[in-house]
Chemist: 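What follows is a single structure, and I will ask about it in a moment.
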Amino acid sequence: MATTLLLLPGPVMVAPEVLQAAARPLVDHRGADFAESIARITSRLRPIFGTQGDVVLLGSSGTGAMEAALVNTFSPGDVVLSCPVGVFGRRFAAIARAHGCSVEVLDTPLGNAVDPQALARRLEADVHRRIAGVLLTHNETSTGVQNDLAALASAIRPHGAMTLVDSVSGFGAAPMQMDAWGFDVVVAASQKALAAPPGLAMVAVSERAKRRFDTARGARFSFDLARALKAAADGQTPWTPPISIVFALDAALNLYASAGVEAAFERHGRYAAALRAALEALNFELVSRPGAHSVTVVAARPPNAVSATALKQRLRDAYGISVGGGQEELAGAIVRVGTMGAISDADVGGAICAIEFALGDLGVPVESGRAIAAASSALRGAHAVAV
Ligand code: PLP
């Protein structure tokens with residue numbers, strides 16, 4: 001089977017040693033070896049979350065972890081302020097509504113990040129402290145927009161609302177300082193910047209969030225974080241875990257740790273800058289506005305009324321590259337190119353050339369080499385060698 005280069009906003013390319021780890025024989029998930037894997041994984045995840053607190057693993061995709069965050073900290077009738085900048089922010093709000101919360105929305109125009117001053121004003125106006133919680137998205141995968149979490153944390157601090165953060169597509173690629181920023185629950189998933197297969201979600205919880213576990217009346221069983229924490233204390237999960245994905249995540253974190261977190265931030269930022277430069281040189285229109293660009297996803301409308309769906313198909317069929325399409329109101333209108341996963345500078349450079357070729361194939365007159373020329377200084381970054 002030919003390998004497709006996945007430049008999706010997740011799942012992503014997974015390194016061979018990570019895939020091999022997933023193929024290991026299974027072990028007793030109540031045994032000492034498995035407990036060691038869990039301990040190693042959580043100790044490696046803590047600094048990426050920027051927390052000294054508890055981190056638990058859930059056999060789930062990211063959406064389950066968002067639901068877990070919500071139902072363990074809020075009760076039906078609680079007022080939460082949702083701050084969506086795209087599909088996944090709206091999903092967080094929908095989960096809150098499904099569990100009976102009263103959801104207020106701070107709207108942000110498409111392509112922008114949440115305005116910290118607008119958030120501060122909204123919370124200042126809440127003099128009676130009706131708002132119990134704030135829902136944030138670290139990186140909005142549907143629009144390629146990244147929020148300035150440090151600034152949003154400062155906007156929330158004077159109010160003191162519990163803050164839940166979906167960091168599914170930001171975690172590991174952009175800074176997260178959960179303790180310093182005062183966040184209560186932060187969720188992540190295995191299939192994004194950590195470059196493991198899908199199947200495991202990670203949830204970091206503050207001391208304040210843990211105290212809420214006793215009083216929150218959100219309906220829960222499988223996603224009961226108090227049970228997950230109790231099991232984690234013995235190096236276990238309450239229910240049967242996806243053992244192979246735990247092995248894979250352990251190996252992926254090995255690779256991640258050996259390069260270091262700063263290298264991961266630098267690489268994602270460099271790839272995203274290179275892709276933005278290339279797409280703009282080809283007259284694509286970026287969805288994200290300046291100052292709001294994501295490091296993990298570049299979302300853009302193709303030029304010359306070229307169908308985003310046709311471009312996506314051409315890239316896959318002729319060049320073996322999978323990129324994402326638009327979701328909901330952006331369906332069929334944009335392509336989304338991911339920077340996460342076990343990919344190299346050459347993969348990104350090759351993809352940039354392939355996008356240029358595919359546009360040409362679809363009838364757009366393109367000056368040959370224009371995209372890679374525009375991207376090269378961003379792509380080479382620190383690798384550029386003076387001669
Ligand atoms: N939140 C964000 C920002 C995401 O990008 C995604 C998935 O792409 C999710 C949540 C949902 O994660 P999952 O598809 O793993 O449930």
Side-chain angles (χ1 to χ4, degrees), residues 5-10 12-13 85-86 110-113 139-148 169-170 173-174 193 262-306 308 311-312 314-315 319 321-326 330 333-341 343-362 364-387:
L5 177 67
L6 298 184
L7 294 182
L8 298 170
V12 300
M13 297 303 285
V85 291
L110 178 69
N112 289 273
N139 182 84
E140 176 52 66
T141 323
S142 67
T143 53
V145 164
Q146 196 168 306
N147 278 314
D148 179 350
S169 67
E262 293 301 329
F265 295 167
E266 186 277 335
R267 188 181 71 251
H268 288 92
R270 192 158 48 79
Y271 289 173
L275 284 161
R276 284 196 305 273
L279 294 181
E280 288 201 294
L282 295 171
N283 297 321
F284 280 73
E285 186 196 341
L286 296 178
V287 178
S288 55
R289 309 269 49 104
H293 298 313
S294 160
V295 296
T296 57
V297 185
V298 177
R301 290 184 177 80
N304 297 43
V306 161
L311 178 61
K312 202 166 110 61
R314 183 74 195 158
L315 279 169
Y319 302 100
I321 297 177
S322 267
V323 300
L330 292 171
I334 61 166
V335 290
R336 292 179 303 142
V337 189
T339 66
M340 300 172 282
I343 55 173
S344 66
D345 295 10
D347 290 329
V348 176
I352 285 169
C353 292
I355 292 170
E356 183 180 298
F357 295 160
L359 265 191
D361 299 343
L362 294 171
V364 179
V366 193
E367 183 195 329
S368 186
R370 189 177 168 83
I372 195 67
S376 68
S377 69
L379 186 56
R380 297 189 77 202
H383 298 297
V385 180
V387 284

Chemist: Under 3.5 Å, side-chain donor or acceptor atoms of residues 347-354 against the rest of the protein: list the pairs with distances, not counting sequence neighbours.
Modeler:
from   : atom 1 : to     : atom 2 : distance (Å)
Asp347 : OD2    : Ser344 : N      : 2.9
Asp347 : OD2    : Ser344 : OG     : 3.3

Chemist: Between Arg336 and Gly325, is there a donor-acceptor pair closer than 3.5 Å when you use the side chain of the first and the backbone of the second?
Modeler: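 Checking the backbone N and O of Gly325 against the side chain of Arg336, a donor-acceptor pair under 3.5 Å is found.
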
Chemist: With sequence neighbours left out, what residues match Thr141 under side-chain hydrogen bond (donor to acceptor under 3.5 Å, both in side chains)?
Modeler: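 With neighbours one apart ignored, the set is Ser169.
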
Chemist: Search all heavy atoms of Ala308 against all heavy atoms of Val335 and return the closest pair with its distance.
Modeler: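 Looks like O-CG1, 3.8 Å.
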
Chemist: List the atom of Val85, the atom of Asn112, and the distance in Å for their closest heavy-atom pair.
Modeler: CG1-O, 3.5 Å

Chemist: Let's go through Leu330 and Arg301 carefully: what are the C-alpha distance in whole Å and the side-chain angles of both, what is the deciding distance for side-chain contact (heavy atoms from CB on, under 4.5 Å) to 0.1 Å, and is it a yes or a no?
Modeler: CA-CA 9 Å; Leu330 292 171; Arg301 290 184 177 80; 3.7 Å; yes

Chemist: With a 4.5 Å heavy-atom cut-off, do Leu359 and Pro303 have their side chains touching?
Modeler: yes

Chemist: So, for Pro365 and Asn304, which heavy atoms are closest and what is the spacing to 0.1 Å?
Modeler: CD-ND2, 4.1 Å

Chemist: Which pairs with one or both residues in residues 348-360 pass salt bridge (charged side-chain N to carboxylate O under 4.0 Å, His left out), sequence neighbours excluded?
Modeler: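 Every pair satisfying salt bridge (charged side-chain N to carboxylate O under 4.0 Å, His left out) with a residue in residues 348-360: there are none.
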
Chemist: Quick one: CG on Leu311 to CD1 on Ile334, what's the gap to the nearest 0.5 Å?
Modeler: 12.0 Å

Chemist: Testing the basics here: between His268 and Ala193, what is the closest heavy-atom pair and its distance to 0.1 Å?
Modeler: NE2-CB, 3.9 Å

Chemist: Between Gly111 and Val145, what is the shortest heavy-atom contact and its length?
Modeler: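 For Gly111 and Val145, the tightest heavy-atom pair comes out as O-CG2, 3.5 Å.
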
Chemist: Just by distance, do the side chain of Arg270 and the backbone of Leu379 share a donor-acceptor pair under 3.5 Å?
Modeler: yes

Chemist: What do you reckon, is CZ of Phe265 surrounded by more than 12 foreign heavy atoms closer than 6.0 Å?
Modeler: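 Above 12, so yes.
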
Chemist: Which pairs of donor and acceptor atoms, one on a side chain in residues 271-290, lie under 3.5 Å apart (sequence neighbours left out)?
Modeler:
from   : atom 1 : to     : atom 2 : distance (Å)
Tyr271 : OH     : Asp345 : N      : 3.0
Tyr271 : OH     : Asp345 : OD1    : 2.6
Ser288 : OG     : His293 : ND1    : 2.6

Chemist: Give a yes or no on whether the backbone of Val295 and the side-chain of Gln146 come within a donor-acceptor separation of less than 3.5 Å.
Modeler: yes

Chemist: For Arg314, enumerate each residue passing the side-chain hydrogen bond (donor to acceptor under 3.5 Å, both in side chains) test, keeping only those at least two apart in sequence or located in another chain.
Modeler: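 Arg314: side-chain hydrogen bond (donor to acceptor under 3.5 Å, both in side chains) contacts with Asp361.
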
Chemist: Sequence neighbours left out, what passes side-chain contact (heavy atoms from CB on, under 4.5 Å) with Ser322? Give chain and number order.
Modeler: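 Testing Ser322 for side-chain contact (heavy atoms from CB on, under 4.5 Å), a comparison that skips the adjacent residues, returns Thr4, Leu6, Leu8, Arg316.
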
Chemist: Do you know which two heavy atoms are closest between Ser294 and Asn139, and how far apart they sit?
Modeler: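 Nearest pair, atom of Ser294 first, then Asn139: OG-OD1, 2.7 Å.
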
Chemist: Taking the side chain as C-beta and beyond, is there a heavy-atom pair between Leu315 and Leu7 under 4.5 Å?
Modeler: no

